[in-house]
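Below is one structure, written out as structure tokens; the observations come after it.
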Amino acid sequence: MIKVLIDACGWKAVIDAGINIDKSLLETVGTTQLVLIPNVVRELEALGGNLMLDMLLSKSEEIPAPDGIGNHTDDQLLELAKLNNWPILTVDTELKRRISQLNLNWIEVVGNKHLRLI
């Protein structure tokens, strides 16, 4: 089983595209466990709207942010990805650039239709 870190914009893109997250992740990377950090939950709550946050929370493992990284969500996600070799679900261009510099993986929404592992 692979753990997948969720970024707020990645989750919003999944919801906006109407993607079945379970089916798409299974087809893309196999069996997964979604992982959330507190900053991402706060960002999704602040976005409001129909982001199916209750469903995401019920499907996810919530973990604390790593120590000594600061309070920036991207920094926290990158540190966890680096420590655990977990991909990040995101569509954030700057975050994807930083992930690439670390030779890590990300999962993105492609063409509002499906997910792709990079």
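We number each residue from 1, following the sequence as shown.
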Closest approach of [X] to [Y] (non-hydrogen atoms, all atoms of both residues):
{"X": "Q33", "Y": "E61", "result": "NE2-N, 3.2 Å"}
{"X": "V91", "Y": "C9", "result": "CG2-O, 3.6 Å"}
{"X": "T90", "Y": "I99", "result": "CG2-CD1, 4.1 Å"}
{"X": "I63", "Y": "P38", "result": "O-CD, 3.2 Å"}
{"X": "Q76", "Y": "P66", "result": "O-CG, 3.8 Å"}
{"X": "I37", "Y": "P64", "result": "CG2-O, 4.4 Å"}

Look up atom CD1 in I69 and atom CG in D74, then write down how far apart they are to the nearest 0.5 Å. 12.5 Å

NZ of K3 to OG of S60: how many Å apart, nearest 0.5 Å?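 OG of S60 is found 11.0 Å from NZ of K3.
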
Pairing residues for E27 by the side-chain contact (heavy atoms from CB on, under 4.5 Å) criterion, not counting sequence neighbours: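 By the side-chain contact (heavy atoms from CB on, under 4.5 Å) rule, E27 matches K23.
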
Do S100 side-chain atoms and K96 backbone N/O form a donor-acceptor pair below 3.5 Å?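 Not at all, since once roles are kept as given, no pair shorter than 3.5 Å links the two residues.
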
So, the side chain of D7 versus the backbone of L89: is there a donor-acceptor pair under 3.5 Å, distance only?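 Answer holds: no.
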
Test of understanding: clusters of I, L, V, M, F, W, Y form through side-chain heavy atoms closer than 4.5 Å, transitively. Do [X] and [Y] belong to the same one?
{"X": "M55", "Y": "L36", "value": "yes"}
{"X": "L102", "Y": "I88", "value": "yes"}
{"X": "V35", "Y": "L57", "value": "yes"}
{"X": "L80", "Y": "I118", "value": "yes"}
{"X": "L117", "Y": "W86", "value": "yes"}

Quick one, I21 with I15, criterion side chain to side chain contact (heavy atoms under 4.5 Å, CB included). Give me CA distance, side-chain angles, the key distance, then yes/no. CA-CA 9 Å; I21 191 69; I15 296 303; over 6 Å; no

Does E79 have any salt bridge (Lys or Arg N to Asp or Glu O under 4.0 Å) partners at least two apart in sequence or in another chain, and if so, which? K82

Could you tell me if the side chain of L115 sits less than 4.5 Å from the side chain of V110, heavy atoms only?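 Side-chain contact under 4.5 Å: no.
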
Residues 41-49, side-chain donor-acceptor partners within the protein, below 3.5 Å, at least two apart:
unit_1, atom_1, unit_2, atom_2, d
R42, NH2, N39, OD1, 2.4
E43, OE2, T73, OG1, 2.6

